[in-house]
Amino acid sequence: AAKAAGKSAYRRCTPALRESAVGRAELIADLRRAVDEQQLHLEFQPIVDLSTGTVRSAEALVRWRHPRLGMLSPARFLPLAEETGLILPIDRWVIHEACRAAATWQAQVPSATVAVNIAAAHLQRPDLIATVTEATAGAGLAPRALTLELTESALIEGSDAVIDRLGQLRELGIRIAIDDFGTGYSSLSYLHRIPATELKIDRSFVARLSEDTRAYATVEMVTRLAGAYGLGVVAEGVETERQHDAVAAIGCVQGQGYRYGRPAALDELRTVLAGSAPATVSDVAESGLTL
Ligand code: C2E
Ligand code: MG
Ligand code: MG
Ligand code: MG
């Protein structure tokens, strides 16, 4: 009701609500300093090859150690970062850090790769290409060892310029994953325009696999679609043995989720990579075909 009554009602609102509005402004000011003051850090979550159980890849996930509020998850600060444009320097920092991390893993496991999440705003920026090439070159990482994860909604709005930019990234060897696949618009026609290399099946489908036949059918359908299009496919949010068995039986190529490992510090991931790597490391198979 207060919201509907507009600004005057807002000014009369409770002290607690006013505090939360101040809190928001403060949080934005704090976020502005967070990158420079090294309050951000990355955790890495393993991505497992379901047929062999090996880990050659990990997704970088940003965290903010706030000086007063403690550890904040992306859900707490990414919406603010996106509204204010601060997501651009944050993601740039993430890309650089993730490339450096992957380069250190490659000393142990030459085929190790890393995935980073990219906010939609980056796609509008011509300097995305420079950011990515500087990060990979600076870390001594081959571009094919970096995957950019984009959400369906970011891609669907893609203008020709955006599609061109993604095509240029692909030509450089950068991989492109469609994150949370299945949660955006149901039209598949955009898949033909996007030069994606893999689909990440949203965890809401994986979570309902055993009790919801439609969720099962969706995971099956996306896995088949990926296979037919020559794309990689990752099941997200695999938490239980039962979900693992189901996605493996369906033929999903890779899995990610608490069943295999929670997001963890760089050193922990290094241990996971070393422990799961086969004696002879074969090179990462490029999933090749782009549409
Ligand atoms: P996402 O890219 O889909 O990442 C997966 C999220 O699911 C992560 O949450 C991860 O911790 C969580 N997760 C992984 N396995 C499981 C599981 O088995 N069960 C459950 N319940 N959750 C699982 P997180 O780290 O809180 O990140 C949330 C979202 O924030 C990410 O979703 C991504 O969209 C965004 N994000 C994270 N880091 C960055 C970043 O550096 N830049 C940008 N632009 N976005 C980021
Ligand atoms: Mg992601
Ligand atoms: Mg996801
Ligand atoms: Mg998600």
Side-chain angles (χ1 to χ4, degrees), residues 31 34-35 39-48 55 57-65 71-102 113-125 128 131-132 135 146-155 175-184 196-209 219 222 232-244 246-247 252 254-266 268-269 272:
L31 192 54
V35 175
Q39 294 167 5
L40 299 181
H41 71 278
L42 293 181
E43 288 188 340
F44 296 91
Q45 185 175 34
I47 300 174
V48 178
V55 176
S57 189
E59 177 175 0
L61 296 158
V62 71
R63 274 90 182 90
W64 180 14
R65 206 175 279 119
M71 198 70 83
L72 300 184
S73 71
R76 278 293 298 283
F77 65 93
L78 286 186
L80 281 183
E82 295 197 4
E83 275 172 49
T84 54
L86 288 167
I87 192 68
L88 294 166
I90 290 174
D91 279 353
R92 275 197 288 271
W93 177 85
V94 170
I95 295 170
H96 276 91
E97 284 296 302
C99 287
R100 281 173 37 190
T113 66
V114 73
V116 297
N117 296 283
I118 293 291
H122 289 280
L123 291 179
Q124 311 304 328
R125 301 189 53 102
L128 174 62
T131 299
V132 165
L146 176 66
T147 302
L148 302 184
E149 296 194 1
L150 293 147
T151 59
E152 257 178 300
S153 48
L155 291 168
R175 299 172 59 84
I176 293 163
I178 306 181
D179 206 350
D180 304 345
F181 190 78
T183 57
T197 52
E198 59 216 74
L199 307 181
K200 297 192 76 174
I201 305 174
D202 191 68
R203 70 178 154 88
S204 60
F205 302 109
V206 175
R208 305 197 311 268
L209 264 178
V219 174
V222 176
V233 60
V234 184
E236 296 196 89
V238 178
E239 291 183 353
T240 67
E241 208 51 38
R242 206 161 158 199
Q243 289 164 354
H244 163 79
V247 296
C252 210
Q254 292 182 305
Q256 182 179 351
Y258 299 164
R259 157 71 172 72
Y260 315 109
R262 292 193 176 244
L266 179 62
E268 256 177 81
L269 206 274
V272 171

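Order of appearance sets the numbers: ligands from 1, and atoms from 1 within every ligand.
The closest donor-acceptor contact from the side chain of Gln45 to the backbone of Gly261 lies under 3.5 Å. Using modelled atom types, one side-chain atom of Thr197 and one backbone atom of Ile176 make a donor-acceptor pair closer than 3.5 Å. With hydrogens and angles ignored, the 3.5 Å screen pairs a side-chain donor or acceptor of Glu152 with a backbone N or O of Gly182. Judged by distance alone, the side chain of Glu97 and the main-chain N or O of Trp93 form no donor-acceptor pair under 3.5 Å. Although no hydrogens or angles enter the test, the distance criterion places a donor-acceptor pair under 3.5 Å between the side chain of Asp91 and the main chain of Ala119.
Of all atoms in ligand 1, listed by their number and element, those nearer than 4.0 Å to a heavy atom of Glu239 are 17 (C), 18 (O), 19 (N), 20 (C), 21 (N). Atoms of ligand 1 lying under 4.0 Å from at least one heavy atom of Gln45, given by number and element, are 14 (C), 15 (N). Against a heavy-atom cut-off of under 4.0 Å, Gly237 is close to the following atoms of ligand 1: 16 (C), 17 (C), 18 (O). Of all atoms in ligand 1, numbered sequentially from 1 with element shown, those under 4.0 Å from a heavy atom of Glu236 are 3 (O). Counting atoms of ligand 1 from 1 in the listed order, those under 4.0 Å from a heavy atom of Pro263 are 11 (O).
Below 3.5 Å of separation, one finds no N or O of Pro74 facing any N or O of ligand 1. Close N/O approach between Asp179 and ligand 1 is found [any backbone or side-chain N/O within under 3.5 Å]. Considering both main-chain and side-chain atoms, Gln256 never comes within under 3.5 Å of ligand 1 through any nitrogen or oxygen pair.
For Arg76, there are no salt bridge (Lys or Arg N to Asp or Glu O under 4.0 Å) partners two or more places apart in sequence or in a different chain. Qualifying salt bridge (Lys or Arg N to Asp or Glu O under 4.0 Å) partners for Arg92, counting only residues two or more places apart in sequence or in other chains: none.
To the nearest 10 degrees, the Mg ion (ligand 2) sees OE2 of Glu59 and OD2 of Asp179 at an angle of 180°. Between the OE1 atom of Glu236 and the OD1 atom of Asp180, the angle centred on the Mg ion (ligand 3) amounts to 140° when rounded to 10°. An angle of 100° is found at the Mg ion (ligand 2) between Glu149 atom OE1 and Asn117 atom OD1, rounded to 10°.
Contacts between Arg262 and ligand 1, counted as non-hydrogen atom pairs separated by less than 4.0 Å, are absent for every part of the residue. By the criterion of a heavy-atom distance under 4.0 Å, the side chain of Val94, and not its backbone, is placed next to ligand 1. Only side-chain heavy atoms of Asp91 come within less than 4.0 Å of ligand 1; its backbone N, CA, C and O stay farther off. Residue contacts with ligand 1, taken as heavy atom pairs separated by less than 4.0 Å, do not involve Lys200 at all.
At a 4.0 Å cut-off, not a single heavy atom of Glu43 sits close enough to ligand 1 to count as contact. The closest approach between a heavy atom of Arg63 and any atom of ligand 1 is below 4.0 Å.
Of all non-hydrogen atoms in Gln39 and Trp64, the two that sit nearest each other are OE1-NE1, 2.9 Å. Taking all atoms of both residues into account, the shortest heavy-atom contact from Phe44 to Val114 is CE2-CG2, 4.2 Å. Residue Val62 comes nearest to Pro74 through the heavy atom pair O-CG, 3.3 Å, listed as atom of the first residue, atom of the second, then distance.
Open room surrounds CZ on Arg100; 12 or fewer heavy atoms of other groups in view lie less than 6.0 Å from it.
For atom 12 (C) of ligand 1, the candidate residues are Tyr258, Tyr260, Trp93; the nearest heavy-atom contact is made by Tyr258. Looking at Thr183, Leu78, Leu72, Ile87, it is Leu78 that brings a heavy atom closest to atom 35 (C) of ligand 1. Scanning Asp180, Asp202, Val206 for the heavy atom closest to atom 3 (O) of ligand 1 points to Asp180.
Inter-residue side-chain proximity for His41 and Met71 is flagged as met; some heavy-atom pair is nearer than 4.5 Å.
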